[in-house]
Amino acid sequence: MFTKRIYNFSAGPSMLPEPVLAQAASELLNFGGTGTSVMEMSHRSKDFLAIFEETKALLKQTMNIPESHEPLFLQGGAWMQFSMIPMNLIGKSGKADYAVTGSFSGLAMKEAQKYGDIHVAASSADENHTYIPRQGDLKLRPDASYFHYCSNNTIFGTEWDYVPETGDVPLVADMSSNILSKPVDVAKFGLIYAGAQKNMAPAGLTVVIIDKSLLGYELPYTPTMLSYKVQVEADSMHNTPSTYNIYMLGLVLKWIQGQGGLGGMAKYNEEKAKVLYDYLDESTLFKACARPEARSMMNVTFVTGDENLDEAFAKEAAAKGLTNLKGHRSVGGMRASIYNAMPKEGLEALVAFMKEFETKNR
Ligand code: PMP
C-alpha cells in the first residue's frame, strides 16, 4: 500500500504529469461549467469540437507540423498502423523497405509482408539489437513506396540518433516511445505514428501525422476505417473517436508547452537519462545493455549478469515504490522507462536504491 504517488517505470501505459492528472480530476464532473464530464459529451457537440480543435492546434504548434501534413486521432494502437501503413502506402510500387532494430520494427515488417514485396534495409539482430545501423548501412531501394523504421526501440532501449536520409522515398516512423520527447523536423517524414500511452495520453488513442500527398494509393480492399484518406476527409471522425483521450492529450500538450516545449523537454530528458547512465557506467554490478551512441533517452535497459539478482532487484525496488523495472519478458534484465512525465527525482531515487543494492550484493 502506498499513501503517495510512486515512481512508475512502466514502458506503457506509463506515468502522466501530475498537474495534468490534477486538472483532469478537477474537471471530471463538470468541465468548464458545461455541467458534464468530457467523457459524456457527444463527439459532435460544440463543447467537444472546441476541445478537439484546441488539441489539434496544440499538437501542430508543439511539433511544428507543416500545412502539408495532417494529424489524425485514431484507435487500434501502433499495432494497427503496422497493417494500415502498407495497406495505404504500398500501392505506389508494391515494394517497401524496413529497418529492423528491435521487436516492434520486426513485427511491423512481418505484418507488411502480407501486402507486398518487403525488403530488410538493415537489421541490428546480429548484436541483439544493441546498436543502430548507420546511414551508410541502409540498403535502400529507390523504387520503394516507403521506408519504415522505429525511432526508439522500447524493448531494447536504443534510439536512432539521426533521421535517415531516403531521397524521394517517403520516410515512415514508429515514434510510439519517443514522440514529444524532443524536437523533430516533421517535414522530413511521410508519416509519423505513435500509440499515445507513453508520452501523450492514456491508452486508446493513436496519433498519425501524414503528408497529404501520400493519400490515394490504398489497396482496393482497404477497410473504410483503415483508410487514411477517409480519416483525413472526416477529420478523424468517421466514427466516434477516443474523445476523453484527445482531451487528455490537450492537457499534456499544454503541460509540455509550460516545460519550454519540445526543446525544454529534450534538455530535461537528457539530464534525467544522464543520472542513470552515468551511474551504470561506474557501477561494478549493473551494466547498460545498449552501446553508448545508441542509448535511448526514454527506455534504459541494464543487467547485473545474474538472472536471480535481476529478479530480486526488480522485486525489492517495487516494494520501495520504484515499480515496473523488470525488463520485457522477451529479453529479461531490467528496463527503466523514463518518459516525459517521469521527474528527475524518480531517477535520483532509483540510483540511490541501485547503490544500496550494489553495496549489499557486491
Ligand atoms: N511500437 C513501439 C515502439 C512500441 O513501444 C509499442 C508498444 N510498446 C508498439 C509499437 C505497439 O503499440 P500498441 O500497444 O499501441 O499497439
Side-chain angles (χ1 to χ4, degrees), residues 8-16 72-87 98-112 122-125 129-130 132-133 146-161 163-164 171-182 184 189 191-209 225-226 236 241-242 244-246 248-249 252 269 289-290 294-301 324-342:
N8 175 8
F9 292 91
S10 165
S14 41
M15 289 178 80
L16 283 159
L72 295 173
F73 300 118
L74 307 180
Q75 298 180 59
W79 248 106
M80 182 78 95
Q81 296 307 309
F82 296 171
S83 325
M84 225 167 142
I85 288 160
M87 266 192 225
Y98 277 69
V100 177
T101 55
S103 305
F104 291 107
S105 51
L107 293 164
M109 189 272 291
K110 250 184 122 178
E111 189 68 19
S123 167
S124 52
H129 299 305
T130 50
I132 294 297
Y146 63 91
F147 166 73
H148 177 285
Y149 80 112
C150 177
S151 58
N152 186 78
N153 300 288
T154 323
I155 292 177
F156 290 91
T158 60
E159 184 165 5
W160 287 64
D161 55 341
V163 174
L171 189 56
V172 173
D174 177 354
M175 293 194 185
S176 292
S177 47
N178 69 349
I179 196 161
L180 300 181
S181 69
K182 60 183 177 187
V184 288
F189 294 83
L191 189 146
I192 291 170
Y193 67 101
Q197 64 272 22
K198 301 165 199 302
N199 257 347
M200 300 189 118
L205 172 67
T206 311
V207 172
V208 171
I209 302 163
M225 279 306 295
L226 303 190
S236 307
S242 182
Y244 195 74
N245 291 326
I246 292 169
M248 287 296 287
L249 172 58
V252 168
N269 285 329
C289 301
R295 288 174 173 178
S296 166
M297 295 295 112
M298 297 281 101
N299 309 94
V300 182
T301 48
N324 291 307
L325 284 161
K326 202 166 158 11
H328 188 269
R329 58 191 183 279
S330 64
V331 294
M334 276 79 72
R335 170 179 52 179
S337 295
I338 52 172
Y339 301 120
N340 286 352
M342 171 63 69

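Model, not experiment: these values are computed from the prediction. Atoms within each ligand, like the ligands themselves, are counted from 1 in listed order.
Listed by number with element, the atoms of ligand 1 under 4.0 Å from a non-hydrogen atom of Thr154 are 2 (C), 3 (C), 4 (C), 5 (O). For ligand 1 and Cys150, the ligand atoms under 4.0 Å from any heavy atom of the residue are 3 (C). The contact set between ligand 1 and Gly77, taken as ligand atoms under 4.0 Å from a residue heavy atom, comprises 15 (O), 16 (O).
Judged by distance alone, the side chain of Tyr339 and the main-chain N or O of Met200 form no donor-acceptor pair under 3.5 Å. Not a single donor-acceptor pair under 3.5 Å links the side chain of Ser151 to the backbone N or O of Ala173. Panel note: side chain Ser14, backbone Asn199; no donor-acceptor pair is recorded below 3.5 Å.
Every residue was checked against the ring pair (Phe, Tyr, Trp, His ring centres under 6.0 Å) condition with Phe104, not counting sequence neighbours, and none meets it. Applying the salt bridge (charged side-chain N to carboxylate O under 4.0 Å, His left out) rule to Lys182 yields the partners Glu159; only residues at least two apart in sequence or on another chain are considered.
Taking atom 16 (O) of ligand 1 as the reference point, the nearest protein heavy-atom neighbour is Trp79 N, 2.9 Å. Among all non-hydrogen protein atoms, the one lying nearest atom 8 (N) of ligand 1 is Lys198 NZ, 2.8 Å. Asp174 OD2, 2.6 Å is the protein heavy atom nearest to atom 1 (N) of ligand 1. Summary of contacts: the protein heavy atom closest to atom 12 (O) of ligand 1 is Ala78 CB, 3.4 Å. With respect to atom 14 (O) of ligand 1, the closest heavy atom belonging to the protein is Gln197 NE2, 3.5 Å.
Heavy atoms of Ser176 found under 4.0 angstrom from ligand 1 belong exclusively to the side chain. With a 4.0 Å heavy-atom cut-off, ligand 1 is reached by the side chain of Phe82 but not by its N, CA, C or O. Only the side chain of Phe104 comes within 4.0 Å of ligand 1, judged by heavy-atom distances.
Here the closest heavy-atom approach between residue His148 and residue Asp174 is recorded as NE2-CB, 4.2 Å. In terms of heavy-atom proximity, Thr154 sits nearest to Ala11 at CG2-CB, 4.1 Å. Residues Ser105 and Cys150 come closest through the heavy atom pair CB-CB, 3.9 Å. Counting all heavy atoms, side chain and backbone alike, Ala294 lies closest to Thr130 at CB-O, 3.9 Å.
For Met80, the heavy-atom gap to ligand 1 stays at 4.0 angstrom or more.
No N or O atom of Ser177 sits closer than 3.5 Å to an N or O atom of ligand 1.
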